[in-house]
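Predicted model only: the values in this text are computed from it and were never measured.
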Amino acid sequence: MIENKEESLACESCKTNDIFATFAERVKEIRAKNGTKLMALQEAQVKFGYLDKDAMNIIANVFQTTTNDIYAIASFYAQFKFVKQGKYRIALCLGTACYVRGAAKIQQKLEEVLQMKMGETSKDGKFTLGSARCVGCCGLAPVMLINEKVYPAVKPDQVPDIINEYNN
């Protein structure tokens with residue numbers, strides 16, 4: 001069930017796009033095999049790198065529900081992203097140990113150097129700045145990850161050099 005006419009039009013236009021048509025077929029397969037909406041959302045996250053609005057509309061249509069229902073499920077889980085992610089995903093740990101050891105200052109420096117706020121993706125699509133609640137490296141706090149690479153005991157003055165590693 002589509003929420004409104006605008007979403008219906010968006011979904012109609014996505015049917016003409018091969019990538020969305022292929023995705024719609026995959027969602028139908030998931031449902032036919034008694035798969036869940038969550039499984040379809042995971043498929044969208046893998047295929048697009050985030051939950052594209054058209055992808056959520058397709059899932060809603062196939063499962064005969066509303067887009068709001070699909071969004072409610074997706075927003076419960078931290079694994080789902082609603083904004084296209086950059087090539088390099090920065091996750092600054094804001095857990096207790098990292099926060100006490102200066103993560104807030106690192107966040108300020110990251111936002112200054114990248115010229116964006118937490119939760120945003122750079123205009124060039126290179127970086128997405130996000131946070132984590134704990135990465136399990138409390139003894140190395142404050143910790144920052146860029147994709148899968150761990151940066152332990154980060155100090156604010158190291159941030160420009162770390163970011164420059166990815167600008168070359």
Cluster check Leu114, Tyr88: I/L/V/M/F/W/Y, side chain < 4.5 angstrom: yes

Heavy-atom pair of closest approach, residues Pro156 and Pro160: O-CD, 3.7 Å

Flag if over 12 foreign heavy atoms under 6.0 Å of CG, Asp157: yes

Point-to-point distance, once rounded to the nearest 0.5 Å, from CG of Asn147 to NZ of Lys87: 9.5 Å

Residues Tyr77, Gln42; criterion side-chain contact (heavy atoms from CB on, under 4.5 Å); working and verdict: CA-CA 10 Å; Tyr77 297 95; Gln42 289 168 330; over 6 Å; no

Sub-4.5 Å side-chain heavy-atom contact between Met118 and Ser131: yes

Minimum heavy-atom distance Ala103-Cys93, with the two atoms named: CB-O, 3.4 Å

Non-hydrogen side-chain atoms of Leu41 and Ile73 separated by less than 4.5 Å: yes

Salt-bridge contact Asp52-Lys84 (side-chain N to carboxylate O under 4.0 Å): no

Any side-chain donor near an acceptor of the partner, Asn68 and Thr66, under 3.5 Å: no

Parallel, tilted or perpendicular, as decided by the 30° and 60° cut-offs, for the rings of Tyr151 and Tyr166: perpendicular

Audit row: Val135, Val150, side-chain contact (heavy atoms from CB on, under 4.5 Å) steps and yes/no: CA-CA 9 Å; Val135 295; Val150 177; 6.0 Å; no

From NZ (Lys155) to CG (Asp161), nearest 0.5 Å: 14.0 Å

Residue Lys47 excluded, over 12 heavy atoms near NZ under 6.0 Å: yes

Residue Gln79 excluded, over 12 heavy atoms near CD under 6.0 Å: yes

Lys126 atom NZ, neighbour heavy-atom count above 12 within 6.0 Å: yes

Atom pair OG1 (Thr36) and CZ (Phe63), whose distance is rounded to the nearest 0.5 Å: 6.5 Å

Member of Ile59, Asp54, Asp18 meeting the side-chain contact (heavy atoms from CB on, under 4.5 Å) criterion with Phe23: Ile59

Donor-acceptor contact present, side-chain Glu25 to main-chain Thr22, <3.5 Å: no

From CA spacing to verdict: salt bridge (Lys or Arg N to Asp or Glu O under 4.0 Å), Lys117, Glu120: CA-CA 6 Å; Lys117 297 288 183 192; Glu120 295 180 345; over 6 Å; no

Same cluster (ILVMFWY, side-chain, under 4.5 Å), Leu51 and Tyr71: yes

Connected via hydrophobic side-chain network under 4.5 Å: Val83 and Ile90: no

Which atom of Val62 lies closest to which atom of Arg31, heavy atoms considered: O-NH1, 2.6 Å

Heavy-atom closest contact (Cys98 atom, Val143 atom, distance): SG-N, 3.4 Å

Lys37 NZ to Thr65 OG1 distance, which is reported to the nearest 0.5 Å: 4.5 Å

Close side-chain approach of Glu111 and Met116, heavy atoms under 4.5 Å: no

Same apolar cluster (I L V M F W Y, side chains within < 4.5 Å links), Leu129/Ile162: yes

Parallel, tilted or perpendicular: rings of Phe20 and Phe48 (30°, 60°): parallel

Value rounded to 0.5 Å, distance of CZ in Arg101 from OG1 in Thr96: 11.5 Å

Residue pair Ile163 / Phe127: nearest heavy atoms and the distance that separates them: CG2-CZ, 3.9 Å

Point-to-point distance, once rounded to the nearest 0.5 Å, from CG of Asn61 to OG1 of Thr67: 7.0 Å

Tyr99 vs Pro142 side-chain heavy atoms within contact, under 4.5 Å: no

Worked check of side-chain contact (heavy atoms from CB on, under 4.5 Å) between Glu29 and Glu43: CA-CA 11 Å; Glu29 289 172 18; Glu43 185 77 19; over 6 Å; no

Distance-minimising heavy-atom pair for Ala44 and Ala55: CB-CB, 4.2 Å

same_hphob_cluster(Val113, Met144) at 4.5 Å side-chain heavy-atom cutoff: yes

pair Gln107-Leu94: side-chain heavy atoms closer than 4.5 Å: yes

